[in-house]
Each structure stands twice: as structure tokens, then as C-alpha cells.
2 protein chains.
Amino acid sequence: MISVVILGSGNVATHLFKAFKKAENININHWYSRRIDAISSYKNDVETIDDLSLINDADVYVLAVSDDAIAGLSSQLPFENKLVLHTSGSVSVYDIDKKHKRGVFYPLQTFSKEAQIDFENVPICIETIDKKSYPTIKSLALAISNVVKKVNSDQRKVLHLAAVFVNNFTNQLYRIGHEITESQGAEFDLLKPLILETAKKVQDLSPFKAQTGPAKRDDKKTIRKHLKLLEDQHHKDIYQLLTNSIQRTHGRKKL
Amino acid sequence: MISVVILGSGNVATHLFKAFKKAENININHWYSRRIDAISSYKNDVETIDDLSLINDADVYVLAVSDDAIAGLSSQLPFENKLVLHTSGSVSVYDIDKKHKRGVFYPLQTFSKEAQIDFENVPICIETIDKKSYPTIKSLALAISNVVKKVNSDQRKVLHLAAVFVNNFTNQLYRIGHEITESQGAEFDLLKPLILETAKKVQDLSPFKAQTGPAKRDDKKTIRKHLKLLEDQHHKDIYQLLTNSIQRTHGRKKL
Ligand SMILES: NC(=O)c1ccc[n+]([C@@H]2O[C@H](COP(=O)([O-])OP(=O)(O)OC[C@H]3O[C@@H](n4cnc5c(N)ncnc54)[C@H](OP(=O)(O)O)[C@@H]3O)[C@@H](O)[C@H]2O)c1
Ligand SMILES: NC(=O)c1ccc[n+]([C@@H]2O[C@H](COP(=O)([O-])OP(=O)(O)OC[C@H]3O[C@@H](n4cnc5c(N)ncnc54)[C@H](OP(=O)(O)O)[C@@H]3O)[C@@H](O)[C@H]2O)c1
């Protein structure tokens, strides 16, 4: 049995709470939030607190709070020499106050409160600078996910950066697809199966092999037609830059 | 019963053949390819031919050939006044020789021979300039898909353009994620659940609402760190332009 305290009440804290709660070998001692109201709907399932001095002894303390709050909150914790983890992709493990045993528990997924997430398939990237704590972190991760990877700080930062490309930037391309269709009398909904299939394709095939379309074929006629059809200069710039990028990748253009 | 002749042996022709074959109220009279070898593995399931003069009478002729071949092949067909459709997102319906009844049967999905596609969920965008042919095209589409939409040429071209953003450009962002991770010692595979979830999220939520991350939060510290971490100037340009785009969309920047 691993005893845990969760700190924070945001997207990650809420999803972690649900996953820990379901896991057989995890006991949640407390759920701390500086605003107790934010977690009051869970007060029948766990002891909710908003006072750090009430936190009792646990094997692991998980700081699922904003990146900027990690350092400060870890210093305020009224104990030392315990295992304290943060859940951030970009914050250094050294941001945690050095009075603790320090580690990272980074779930590589996009969380929002509305969307249900199947934690079993969420890769959890773990790291610690206290070697002896490694088995505890690993057990904690394996209790909720099938994909647990030891990832050092440099690798984690690179993953977080790549995640911005495949998640935030991709989502912005969906947004532009939305803008283009709605502004010109077409239906964005018709693109949804394509969006899903594009993501499914690279689960088994490399993105290199999965590529198709006018840029890869160097189909200048279609590219010209598309640029003409785009009304927004900003959309044109993105079309040009990404067409160029595909052509570099597929040897249509000298680097 | 609708009788059909398929022309072409590429990705779309092959997927259409399989879908038509499975449909109850469709009979495939012939499958034509200029290279009979390309479809010889199906010769027990359908009469394969490579000679246009052998094509017999059918309700519908589907030209699933390269965009550039549609006009020429439609002229070569040794009959007139029959319903001839092409399957392209960007080619005008008027590219089909005017001796025919002309229409479009555009399946809005990405097809490659390896990947299995569930045709039931593929939106089929239909159009005709011969009003009386509309019920036949509609029945043909409904025989293989649950999502059939009347879409005019302008709308179809806009959808095709938007598809380049959400499919080809998105896939290139996956490719860049692959390049960044592999070149810096991290594992691309760890990003796959995130890629899938990003696509799933916008099935119910608008891309606007689904957005998260440093650009939307205007988190300058992380953006700076990311730009420093990127080794390739071309990746930096894409990072900057898409960050900028997200900030326009979410009111962080004046238009
Ligand atoms: N969202 C994701 O998709 C995702 C994925 C992987 C990792 N992460 C990482 O997980 C961590 C949490 O992210 P999130 O998305 O859950 O953030 P979030 O939804 O914005 O929630 C942030 C939480 O931190 C609390 N907080 C902020 N400043 C605090 C302070 N000074 N003292 C105590 N609590 C404070 C907030 O409390 P109030 O409500 O009282 O302000 C809130 O409960 C971050 O490190 C993030 O980088 C996020
Ligand atoms: N792939 C997709 O994801 C997709 C999605 C929606 C719509 N479409 C549209 O569907 C159509 C076919 O695309 P595809 O992906 O199936 O293309 P493809 O895989 O490249 O196949 C093209 C087919 O056209 C044939 N062809 C080319 N020139 C010809 C000619 N002059 N006479 C006779 N046949 C000729 C080719 O025969 P050879 O093998 O002998 O060259 C081949 O069978 C295009 O209009 C495309 O825009 C494609």
C-alpha cells in the first residue's frame, strides 16, 4: 500500500485523484487545495483540507499545481525528507525545495476537467534524484498506468516541447480548418472523421510514411489554387511555411 | 439495384471497390484499370478489364483516377449520356466531358492501401449538374456511408483546402515531433496517446475551447525556453508562427 497526498485542485490533480482512488494499492490520505471549495464536491470520498499544517505522514506528496507555484509550495510544506513529486513537463526537478526527496511524475497527456481520460494508456514519465525513491515512484505510476518510463530532465523537456507541436499547434490547425470552412459556407463537422483518421494512422505508421497531399506530390497547380482561395494573409503564411516544411522532409526542396 | 463500373486502381478505387462489394443494393459490372495487373488479385470477385471498349451498360461510372486524368479519361469513354462521377476534392465537375451526365462523389477521408477504413463514417460529398441524376448518386452514397452531404463545387474546394490543414499539415507537425524527439534522445512513441486524444477532443469540443498550452496562456518563459531548445531554424519559424496564430485566436495579440 502506498499512501499519497495530492496538492492542487486543477485538471491534473482531479484526474490523478480519480485514478489513484480507483487503484487497489493506493491510499489517498488527504487532498489539499488552497481553495477548499474547489474540491468540496469530493469531500465524501477523501479528506479534503486547505491548511498545510494538517497534512499528515504519507509515502508520497504529489504537487499537481501550476508550474510557477511548485517551488514556493514545496518550501511551505511543514516537513522534510519526504518524497515530493511535481507533475510538470517543463519544470526542473531541482525547483522542488531541497529539504525533500525530489522527483517528477509527468503524465504525458492533455487533461481538461470535462474530458474523461483512460489513465491506463497515459505514459507516465518518472524521474528522481533520490535513487532509493525510484521503486516507490515506479509502483505509484504502475498502479494507474501501463506505460511507465524513466525519463531524465532533458528528455522530459524535449517531450514537452514536442507535445506543443502535436497537441497545441495541431489543435490550432483544426481551428484554422474551422475558420476556413465556416467563413466560406462549408461544414467543419465533415472534417472530423478525417481528423481522427489522421491521428490513428500514425499510431502504426511513421508520420513520414503517412504523408500524402499536394505538398508531398509537389502538385503546384493545387497549391496555387489553395493559396488563391485563402482569404486571410495569416492563413496563407501558415500554408506556405508548412507546404515548404513537407517539401523539405520529402526531398522536394533543397535544405 | 444500382449497377456500377469503377475506373482506376489506386487508393480510392480499391477502397470503393471493397465498400461497393459489401453493399447489398450495388452490383459492380466491371472494374477497369489501364494496367490490369494492378487489380488482378481481385479477378475472382469482379470482372476486371483494361479495354474501355469492353465496358457495358451501367447506371453509374466512377472515375477514381488521378485529378489530371479525369478530363481525358472521361472523353475516351465510348458512350454518352450516362452518369459519370469523379471522386476528387479539387477538380471541377465541368472537367468531365460534357457528352456525359456529370457529377461528383467525393469521399472526405484519407485513403492509403494499407489502412483499413470504415466507410460507414466517411462523409461523402455529392454534387451533380444533372438534377435527375441526384437520387441515383444519393442512393449510391447511402449504400456505403451514413454521412452523405450535398456539397457544391465552391464548398467542396473549401473542404479540400481545410483538409490539407487538418490532415497534411497536422501530419507534418507529427513528423516534426518525431524529428525533435528522435534527434534529442526521447521517444516519439510516448506522444502517440496525446496525438489521439487531441483529435478525439475536437469531436465534441470546438478547437477554440479545446486549446491549452503556453501560447494560449501567454507563458513567455516557457515559449522562450522552447525556442532555445529547438535546434533547427525551420522548426523555430513554425513554432513562432503557430504560437502567434494561437495568440491571435485567443486575443493575446492585436490582429
Ligand atoms: N493540463 C495538462 O494537460 C497537463 C498535462 C501534464 C502536466 N501538467 C502539469 O501539471 C501541473 C498542474 O496543471 P493543471 O493543468 O492541473 O493546472 P490548473 O488546472 O491550472 O490547476 C492549477 C492548480 O494549482 C493551484 N495553485 C496555483 N498556484 C498555487 C499556489 N501558489 N499555491 C497552491 N496552489 C496553487 C491552483 O489553485 P487555485 O485554483 O486556487 O488557483 C490549481 O489548483 C502543472 O505543472 C502542469 O504543467 C498539465
Ligand atoms: N487518396 C485519398 O486520400 C483521396 C481522398 C479523396 C479523394 N481522392 C481523389 O480520388 C482520385 C484518385 O485518388 P487516389 O488516391 O486513388 O490516386 P492513386 O492512388 O494515385 O491512383 C490513381 C489511379 O489513376 C490511374 N490513372 C492515372 N492516370 C490515368 C489515365 N490517364 N488513364 C487511366 N487511369 C489513370 C492510375 O493508374 P496507374 O496505376 O496505371 O497509373 C491509378 O489507378 C483523385 O481524384 C483524388 O483527388 C483521393
Side-chain angles (χ1 to χ4, degrees), chain A residues 90 108-110 115 121-123 149 155 157-159 161-178 180-181 184-186 190-199 201-203 207-208 210-215 222 225-226 229 234 237-238 241-242 245-246 248-249, chain B residues 90 108-110 115 121-123 149 155 157-159 161-178 180-181 184-186 190-199 201-203 207-208 210-215 222 225-226 229 234 237-238 241-242 245-246 248-249:
Chain A
S90 60
L108 184 28
Q109 188 47 283
T110 170
N121 301 316
V122 175
K149 288 275 167 179
Q155 292 167 327
K157 283 171 193 169
V158 165
L159 285 168
L161 168 59
V164 168
F165 278 84
V166 304
N167 171 17
N168 305 149
F169 292 169
T170 286
N171 187 74
Q172 182 64 7
L173 294 180
Y174 301 160
R175 164 68 192 185
I176 293 171
H178 199 172
I180 295 171
T181 47
Q184 301 199 39
L190 294 175
L191 295 167
K192 289 180 177 176
L194 177 62
I195 285 174
L196 209 51
E197 180 62 24
T198 304
K201 228 175 181 172
V202 295
Q203 303 296 310
F208 184 85
Q211 193 57 283
T212 60
T222 302
K225 276 199 230 169
H226 281 170
L229 205 54
H234 191 70
D237 293 345
I238 291 173
L241 190 61
L242 285 166
S245 180
I246 293 171
R248 277 163 183 256
T249 297
Chain B
S90 61
L108 184 28
Q109 187 48 283
T110 169
N121 302 316
V122 175
K149 289 276 165 177
Q155 292 167 326
K157 283 171 193 168
V158 165
L159 285 169
L161 167 59
V164 167
F165 278 85
V166 305
N167 171 16
N168 304 149
F169 292 169
T170 286
N171 187 75
Q172 181 64 8
L173 294 181
Y174 301 161
R175 164 67 192 186
I176 293 171
H178 199 173
I180 294 172
T181 46
Q184 301 197 40
L190 294 175
L191 295 167
K192 289 180 176 176
L194 177 63
I195 285 175
L196 209 50
E197 180 62 25
T198 303
K201 228 174 180 175
V202 295
Q203 303 296 311
F208 184 85
Q211 192 58 281
T212 60
T222 300
K225 277 199 228 170
H226 281 170
L229 204 55
H234 191 70
D237 292 345
I238 291 173
L241 191 60
L242 285 167
S245 181
I246 294 171
R248 276 163 183 257
T249 297

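Below, chains carry the letters A, B, ... as their sequence lines are ordered, and counting in each starts from 1. Worth knowing before you read on, the calculation uses all heavy atoms, side chains too, and leaves out hydrogens, waters and symmetry mates.
- Contacts with chain B were tallied for A:Lys201, A:His178, A:Lys157; A:Lys201 has the most, counting heavy-atom pairs under 4.5 Å.
- With chain A as partner, the option from B:Leu108, B:Thr110, B:Leu161 having the largest number of non-hydrogen pairs under 4.5 angstrom is B:Leu161.
- In this structure, CD on A:Gln172 lies 10.0 Å from CG on B:Leu241, to the nearest 0.5 angstrom.
- Ranked by heavy-atom pairs under 4.5 Å with chain A, the first of B:Thr212, B:Ile176, B:Val122, B:Asn121 is B:Thr212.
- Note on B:Val166, B:Asn171, B:Leu229: by heavy-atom pairs under 4.5 Å with chain A, the leading option is B:Asn171.
- Contacts with chain B were tallied for A:Asp237, A:Leu196, A:Thr181; A:Leu196 has the most, counting heavy-atom pairs under 4.5 Å.
- Of the two parts of B:His234, only the side chain, counted from C-beta on, holds a non-hydrogen atom closer than 4.5 Å to a non-hydrogen atom of chain A.
- When the candidates B:Gly213, B:Gly185, B:Ser245 are compared by the number of heavy-atom contacts under 4.5 Å with chain A, B:Ser245 comes out ahead.
- When B:Gln155, B:Glu197, B:Gln184 are compared by the number of non-hydrogen pairs under 4.5 Å with chain A, B:Glu197 comes out ahead.
- A:Lys192 touches chain B through backbone and side chain together, each having a heavy atom under 4.5 Å away.
- Among the candidates A:Ala162, A:Pro123, A:Ala186, A:Gly177, the residue making the largest number of heavy-atom pairs closer than 4.5 Å to chain B is A:Pro123.
- With hydrogens and angles disregarded, a donor-acceptor distance shorter than 3.5 Å links the side chain of A:Gln109 to the backbone of B:Pro193.
- Here A:Asn167 contributes atom CG and B:Ile195 contributes atom CD1; the two are 9.5 Å apart, rounded to the nearest 0.5 Å.
- For A:His226, the parts lying near chain B are the backbone and the side chain together; criterion is any non-hydrogen pair under 4.5 Å.
- Proximity to chain A is limited to the side chain of B:Val164, based on heavy atoms less than 4.5 angstrom apart.
- Under the 3.5 Å distance criterion, the side-chain polar atoms of B:Gln211 are matched with a main-chain donor or acceptor of A:Asn168.
- For B:Ala115, the part lying near chain A is the side chain, with the backbone staying farther off; criterion is any non-hydrogen pair under 4.5 Å.
- Closest approach of B:Phe165 and A:Leu173 over heavy atoms only: O-CD1, 3.7 Å.
- The contact between B:Lys149 and chain A is made entirely by side chain atoms (from C-beta outward), counting heavy-atom distances below 4.5 Å.
- Looking only at atom types and distance, the side chain of B:Lys225 has no donor-acceptor partner in the side chain of A:Ser90 under 3.5 Å away.
- Heavy atoms of A:Thr222 lying under 4.5 Å from chain B belong exclusively to its side chain.
- Considering all non-hydrogen atoms of both residues, A:Leu159 and B:Leu190 come closest at CD1-CD1, 3.8 Å.
- Looking at B:Ile238, the atoms closer than 4.5 Å to chain A (heavy atoms on both sides) sit in the backbone and in the side chain alike.
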